[in-house]
Amino acid sequence: MVKKSLLVAGTDTNVGKTVLTSALISYWQTYDLSRSLGVFKPMQTGIGDREFYHQYFALNQSIDEINPLHFEAPLAPPLAAELEGKTVDLKLVWSQFCQLQQSRDFVLVEGLGGLGSPITPELTVADLARDWHLPTIIVVPVRLGAIAQAVANVALARQMGVLLQGLVLNCVDPCSPEEIQNWTPIPLIESLTQIPILGILPYLNTLTDREKLAQIASNLDLETIFS
């Protein structure tokens with residue numbers, strides 16, 4: 001079987017990458033038990049996703065296999081690494097990713113920060129997506145300014161040669177259908193970006209209900225996401 005991967009990227013930090021990744025993990029583990037899934041966070045600063053994935057999902061991965069490169073300060077990786085007198089070792093990250101790909105049928109890769117966030121002084125998350133040939137989904141927060149964020153990030157992805165599969169809207173706060181329509185009008189965003197919106201994630205105040213997460217994922221265009 002050809003190994004496949006997907007990068008969950010975002011327009012910024014705290015826009016819902018972890019929400020989407022958790023929903024996809026929950027769906028996979030609920031309905032696709034015949035195939036093995038790996039989860040990969042190339043690098044992390046501060047405390048967050050790697051601890052959460054390791055604690056709440058039965059991934060059969062050590063915390064370092066989920067996230068091989070970790071820095072204590074919650075800053076951009078090159079800044080966090082500099083505080084510790086270290087550098088960002090992309091060779092280590094790539095090696096760990098290849099090992100995970102070889103042992104799993106599908107690998108979900110969660111980016112850090114936004115698509116334009118730096119991972120080294122020279123490279124961004126978009127560079128990593130291009131260089132690793134990762135099909136990518138961008139999570140867009142449902143809030144005022146989301147249209148411009150979506151357009152700008154799709155433009156960046158195109159400029160960098162990233163293979164975009166679609167956008168997913170995420171309600172970062174409780175919002176009404178009218179607010180979703182006004183802040184993230186799907187026909188307008190799709191017209192401006194020429195990229196499909198694959199679904200909307202509702203606001204969630206917890207990510208520990210895996211049954212609910214799986215249900216939410218089932219409302220997305222999973223055929224496109226996992227193709």
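None of these values were measured; they are calculated from a predicted model.
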V162 backbone acceptor or donor facing R130 side chain under 3.5 Å: no
Polar side-chain atom of T136 near backbone of L134 as donor-acceptor pair, under 3.5 Å: yes
Minimum heavy-atom distance between S36 and S103, given as atom pair plus value: OG-O, 3.8 Å
Donor-acceptor contact below 3.5 Å, side chain S22 vs main chain V19: no
Main-chain N/O of G46 paired with H70 side-chain donor or acceptor, under 3.5 Å: yes
Side-chain donor or acceptor of Q149 paired with backbone N/O of V140 under 3.5 Å: no
Test item: R50 side-chain N/O and P68 main-chain N/O as donor-acceptor pair under 3.5 Å: no
Side-chain donor-acceptor pair present, Y53, Q61, cut-off under 3.5 Å: no
Heavy-atom donor-acceptor pair, K41 side chain to G111 backbone, under 3.5 Å: yes
Side chain E84, main chain F71, donor-acceptor under 3.5 Å: no
Test item: S191 side-chain N/O and P187 main-chain N/O as donor-acceptor pair under 3.5 Å: no
Aromatic plane relationship, F226 with W28 - under 30° parallel, 30 to 60° tilted, over 60° perpendicular: perpendicular
Whether D12 side chain and G114 backbone form a donor-acceptor pair below 3.5 Å: no
N60, CG: over 12 other non-hydrogen atoms inside 6.0 angstrom: no
Aromatic ring pairing F40/W132, orientation class (parallel under 30°, perpendicular over 60°, tilted between): tilted
Test item: side-chain donor near acceptor, T18 and D49, under 3.5 Å: yes
Shortest non-hydrogen contact from E122 toward D127: O-OD2, 4.2 Å
Q44-E51 side chain donor-acceptor pair, cut-off 3.5 Å: yes
